[in-house]
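Scroll down for the structure; my scribbles are underneath it.
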Amino acid sequence: MGIEVVVEGLTKSFGKQNIWQDVSLTLPAGEVSVMLGPSGTGKTVFLKSIIGLLKPEQGRVLINGVDMVNSSERDIMETRKLFGLMFQDGALFGSMSLFDNIAFPLREHTRKKESEIRRIVMERIDIVGLLGAEGKLPGEISGGMRKRAGLARALVLDPQIILCDEPDSGLDPVRTAYLSQLLIDLNAQIDATMLIVTHNLDIAATVPDNMGMLFCRNLVTFGPREVLLTSDTPVVSQFLAGRREGPIGMSEEKDAATLAAEQLADTAPPRTGPRTVVPQLEPSPGMPVRQGALRRRERVMSMMGQLPEAARTAILNSYAPAAGGARA
Ligand SMILES: Nc1ncnc2c1ncn2[C@@H]1O[C@H](COP(=O)(O)OP(=O)(O)OP(=O)(O)O)[C@@H](O)[C@H]1O
Ligand SMILES: [Mg+2]
């Protein structure tokens, strides 16, 4: 079962450049979360900080009692084995077949026999739909296949926490839809805690249980998906609508003058009440029920009192019997 990840007061700078400050959030055990944010806001730096590859100056990242920022390197290395990582660029070795790429973590970190490795690798290759391509080199397959190979490699060590950095980049809309379903099916099968960094609005709208957003060196918000999907906070609604009008500019932040001019010109489309929240993806037929979704329902129901009206309505609608086919 997935493990909770607790981030407390995290602050990271490179020299004088502060990337973000005082970031606190909890990734609930076995739930799927998405982190949004314009380019350069430090999403990749955040993922690297969670696994202890980068060291924030302040704060803690607690996983099973180990602090990935301040604990001993030995404890951090040990805890890192709980993770599966899918990098922004797939990060496959170009001279190795897909099979050898996916087998790499097993050969590196375990003493399993070659027959056992073969069984595990082929099972993961099957999960991501790459059966038959295992002998190919990364250069001989499409970008989407490389993504899925990266995902298969992230899965070989039975991770309890999975971090995916832009799993959809370079994929066409149909492949992105398949990938979304794959992520949900995976979560149903292994109940791992998942954090996905993405710019893709369809993934954001349909995959996660929870969503957060980094902007202007801060975590703007993190919470149940419905909170962001119905949010009136300008930066959140601008990002989720993919609009030019709003606080986010080409180089991240617009200056006050541009914003004021925009408000005068009133180019933003009129708001038409709360946005509709599309249903979250369900696991494919034949997949187990998502344990994380069951726990999430309890959790969200117990925090209803603290949520904005629009989010409450969306949550109640999504859990209403009429809304949901196979929803357990
Ligand atoms: N090792 C490093 N040393 C110095 N600066 C770094 C390092 N890694 C990242 N940065 C800086 O931190 C900032 C955030 O980078 P990061 O890659 O996390 O952004 P991002 O949100 O993932 O962007 P994108 O959506 O384009 O992937 C950038 O300004 C980057 O130049
Ligand atoms: Mg990045």
Side-chain angles (χ1 to χ4, degrees), residues 5 7 9-25 27 32-59 61 68-70 73 76 80 83-92 143-144 146-148 150-151 153-154 161-173 176 179-180 183 194-205 207-208 210-222 228 233 235-244 246-255:
V5 177
V7 175
L10 220 55
T11 296
K12 175 71 195 155
S13 304
F14 291 108
K16 280 190 187 149
Q17 187 195 9
N18 174 237
I19 306 300
W20 26 250
Q21 57 199 0
D22 201 19
V23 173
S24 299
L25 57 83
L27 303 178
V32 183
S33 301
V34 153
M35 185 62 84
L36 301 169
S39 280
T41 44
K43 301 178 299 296
T44 300
V45 169
F46 185 66
L47 294 186
K48 288 182 176 170
S49 300
I50 289 181
I51 52 168
L53 285 178
L54 286 173
K55 298 289 173 191
E57 294 75 50
Q58 285 173 39
V61 176
M68 300 303 279
V69 182
N70 303 298
E73 216 35 50
I76 291 175
R80 211 174 274 155
F83 281 89
L85 298 177
M86 183 184 179
F87 291 101
Q88 208 160 347
D89 53 8
L92 301 171
R146 278 196 292 275
K147 288 275 173 195
R148 283 181 281 145
L151 191 53
R153 189 173 60 179
I161 307 167
I162 298 177
L163 307 180
C164 297
D165 200 351
E166 298 194 30
D168 54 283
S169 65
L171 297 191
D172 66 55
T176 302
L179 180 86
S180 298
L183 291 168
M194 296 167 68
L195 179 59
I196 303 161
V197 164
T198 184
H199 291 290
N200 187 282
L201 299 177
D202 288 323
I203 293 185
V207 174
N210 311 292
M211 241 191 278
M213 183 168 174
L214 287 168
F215 182 64
C216 269
R217 294 169 291 287
N218 285 291
L219 180 69
V220 183
T221 172
F222 183 86
L228 276 87
T233 308
V235 27
V236 176
S237 57
Q238 181 194 356
F239 197 82
L240 287 174
R243 280 200 313 262
R244 270 180 299 133
I248 310 172
M250 189 63 194
S251 53
E252 195 181 335
E253 260 167 278
K254 285 182 191 170
D255 57 43

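Just so you know, these numbers come straight off a predicted model, no measurement behind them. First listed ligand is number 1; within each ligand, the first listed atom is number 1.
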Item to check | Where ligand 1 meets Glu166 - atom numbers and elements under 4.0 angstrom, heavy-atom basis | outcome: 24 (P), 25 (O), 27 (O)
Next on the checklist: For ligand 1, which is the ligand I care about here, please tell me if Gly42 has any N or O atom under 3.5 Å from one of the ligand's N or O atoms.
Outcome noted: yes
Item to check | Atom indices of ligand 1, in the order listed, that fall short of 4.0 Å to a heavy atom of Gln17 | outcome: 29 (O)
Checklist entry - Backbone or side chain, does any N or O of Val45 fall under 3.5 Å from an N or O of ligand 1? => result yes
Checklist outcome for this item: The atoms of ligand 1 lying under 4.0 Å from a heavy atom of Ile19, numbered in the order shown, are 12 (O), 13 (C)
Next on the checklist: Could you tell me if Thr176 and Asp168 have a donor-acceptor pair between their side chains, going purely by distance under 3.5 Å?
Outcome noted: no
Item to check | Interfacing atoms of ligand 1 (cut-off 4.0 Å, heavy-atom, His199) | outcome: 25 (O)
Checklist entry - Looking at the Mg ion (ligand 2), is one of the N, O or S atoms of Ser39 less than 2.8 Å from it? => result no
Checklist outcome for this item: A student comparing Leu214, Thr41, Thr44 should find that the heavy atom closest to atom 17 (O) of ligand 1 comes from Thr44
Checklist entry - Between CE of Met211 and CD1 of Ile203, what distance do you get to the nearest 0.5 Å? => result 11.5 Å
Next on the checklist: Going by side chain to side chain contact (heavy atoms under 4.5 Å, CB included), name the residues that satisfy it together with Leu85, two or more places apart in sequence or in a different chain.
Outcome noted: Ile51, Phe87, Leu163
Next on the checklist: Let me confirm one number: the CD1-CG distance from Ile50 to Leu27, rounded to the nearest 0.5 Å.
Outcome noted: 5.5 Å
Item to check | Gap separating the OG1 atom of Thr41 from the CZ atom of Arg217, nearest 0.5 angstrom | outcome: 10.5 Å
Checklist entry - Is there a nitrogen or oxygen of Gly40 sitting under 3.5 Å from a nitrogen or oxygen of ligand 1? => result yes
Checklist outcome for this item: dist Cys164:SG -> Met35:CE (nearest 0.5 Å) comes out at 14.0 Å
Item to check | Approximate separation, where rounding is to 0.5 Å, of Leu195 CG and Phe83 CZ | outcome: 9.5 Å
